[in-house]
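First up is the structure itself, then whatever we jot down about it.
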Amino acid sequence: VALDLRGAVARGEFELAFQPMVRLDDGCVGVAEVLLRWRHPTRGLLAPGAFLDEAERNGEIVAIGSWVVEEAAQRLVELRRIHPELRLAVNVSRREILQPGFPERYCSAIARAGLPIAALPLEITERVFADDAALPVVAELRRRDVRVVLDDFGAAHSSLPVLVGLNIGGIKIDRALMPVEPTADDLAFLTALASMLHARGWRVIVEGVENDAALAAARAAGFDEAQGYGIARPMPLAALEAYLRERAALSFEQHEAHAV
């Protein structure tokens, strides 16, 4: 994998997939997460788990990450012709964010596409925030109006006292905290969690919504947005375009029905 990663960006072997999130107050798609795929010449289509750790170790993640941002910005221009308010959430690694000049390069890529800076929010894991060197970079991103979301909250050793000092705009709850079949006790815990995080002024997204029961629990708990296979699986660009058109048509039909 390490040898094959070298030059994979230049050879055009990477592609993007997208997984929509829905707003739980109105059911509309506000954001889709950008997911990376590697079309390996002999092993086929690979998910990030098969290569990202190695890319982080050998530094290839910097070139890969730059490609992802540029590509996501260009694809969002196309997608906004269908859904003018859509945003695409991009994941960033510790090695990327600690590269000198990262905030400027990130915002420049968005500006070159003619998009507002807020159109490409960043999802950053706790592992990145655990590095003190990353905190001023995040502060600079926020100063430039980049929306920063703490990703995978609850997956590791999350500490609420540490969260209080973070300069972020939202938190994404890890799938580990969302049961497939939530009980009354689960709902009580999720409701308390959402309330506590909202008290800090953060928007709260929940992952791992795999079925209607989990979706109902996420809505009842008061989360702002939800993501998971019960809503939509990761999909290529053309499928996302069709998905957005279908939901837009459905929303229009519902509006017309209420107006009659």
Side-chain angles (χ1 to χ4, degrees), residues 17-36 47-50 52-53 86-91 121-130 147-166 168-235 239-240 243-244 246-247 250-251 254 258:
F18 307 87
Q19 187 174 27
M21 308 174 204
V22 296
R23 296 195 297 258
L24 292 174
D25 57 351
D26 61 10
C28 293
V29 176
V31 184
E33 182 178 2
V34 175
L35 303 168
L36 184 63
L52 273 192
D53 285 346
L86 183 69
R87 290 172 288 145
L88 292 181
V90 176
N91 294 277
L122 276 177
E123 295 191 358
I124 303 176
T125 65
E126 284 182 85
R127 180 169 171 246
V128 177
F129 280 106
R147 182 172 182 247
V148 175
V149 175
L150 174 66
D151 195 13
D152 297 339
F153 175 75
H157 45 278
S158 307
S159 169
L160 291 174
V162 172
L163 287 182
V164 171
L166 294 183
I168 57 177
I171 288 188
K172 183 181 276 191
I173 306 300
D174 188 74
R175 65 184 66 252
L177 298 182
M178 173 53 76
V180 176
E181 297 292 339
T183 65
D185 287 343
D186 293 327
L187 180 56
F189 168 75
L190 293 171
T191 301
L193 180 61
S195 177
M196 181 169 52
L197 297 176
H198 281 144
R200 300 299 308 173
W202 296 324
R203 192 164 181 83
V204 187
I205 307 109
V206 61
E207 293 182 288
V209 175
E210 310 297 348
N211 54 34
D212 289 343
L215 180 60
R219 185 175 284 114
F223 292 116
D224 299 296
E225 294 174 82
Q227 179 181 5
Y229 281 15
I231 295 166
R233 290 175 175 267
M235 60 188 76
L240 178 60
Y243 178 86
L244 293 173
E246 180 180 344
R247 292 186 70 90
L250 180 62
S251 177
Q254 289 174 339
H258 285 306

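A quick note: this is a predicted structure, and the numbers were derived from the prediction, not measured.
Taking CZ of R219 as the start and CZ of R23 as the end, the distance is 12.5 Å to the nearest 0.5 Å. Remark: Y243 OH to R233 CZ distance equals 13.0 Å, nearest 0.5 Å. A distance of 4.0 Å separates CE in M21 from CD in Q227, rounded to the nearest 0.5 Å. To the nearest 0.5 angstrom, I231 atom CD1 is 10.0 Å from D212 atom CG. For the atom pair E181 CD and E210 CD, the distance stands at 11.0 Å (nearest 0.5 Å).
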Steps toward side-chain contact (heavy atoms from CB on, under 4.5 Å) verdict (F18, L86)
CA-CA 12 Å; F18 307 87; L86 183 69; over 6 Å; no

Please report the C-alpha distance between I168 and F129 in whole Å, then the side-chain angles of each, then the deciding distance to 0.1 Å, and finally whether the side-chain contact (heavy atoms from CB on, under 4.5 Å) criterion is met.
CA-CA 10 Å; I168 57 177; F129 280 106; 3.5 Å; yes

side-chain contact (heavy atoms from CB on, under 4.5 Å) between M178 and L190, worked out
CA-CA 8 Å; M178 173 53 76; L190 293 171; 3.8 Å; yes

Step by step, work out the side-chain contact (heavy atoms from CB on, under 4.5 Å) result for R203 and V149.
CA-CA 9 Å; R203 192 164 181 83; V149 175; over 6 Å; no

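Considering every non-hydrogen atom in both A226 and L215, the closest pair reads CB-CD1, 4.4 Å. Closest approach of A32 and L240 over heavy atoms only: CB-CD2, 4.5 Å. Nearest heavy atoms, E123 versus A89: OE2-CB, 3.5 Å. Across all non-hydrogen atoms, the minimal contact from G228 to Q19 is C-NE2, 3.7 Å. Residues A221 and T191 come closest through the heavy atom pair CA-OG1, 3.4 Å. The shortest heavy-atom contact between A218 and V206 is CB-CG1, 3.8 Å.
You'll find the side chain of I173 reaches within 4.5 Å of the side chain of L197, heavy atoms only. Inter-residue side-chain proximity for V22 and V209 is flagged as unmet; no heavy-atom pair is nearer than 4.5 Å. Using a 4.5 Å heavy-atom cutoff, the side chains of E126 and D152 are not in contact.
A donor-acceptor contact shorter than 3.5 Å links the side chain of R247 to the backbone of G27. Of the possible polar contacts, none joining the D151 side chain to the K172 backbone as a donor-acceptor pair under 3.5 Å is found. The backbone N or O of V204 sits less than 3.5 Å from a side-chain atom of D224, completing a donor-acceptor pair.
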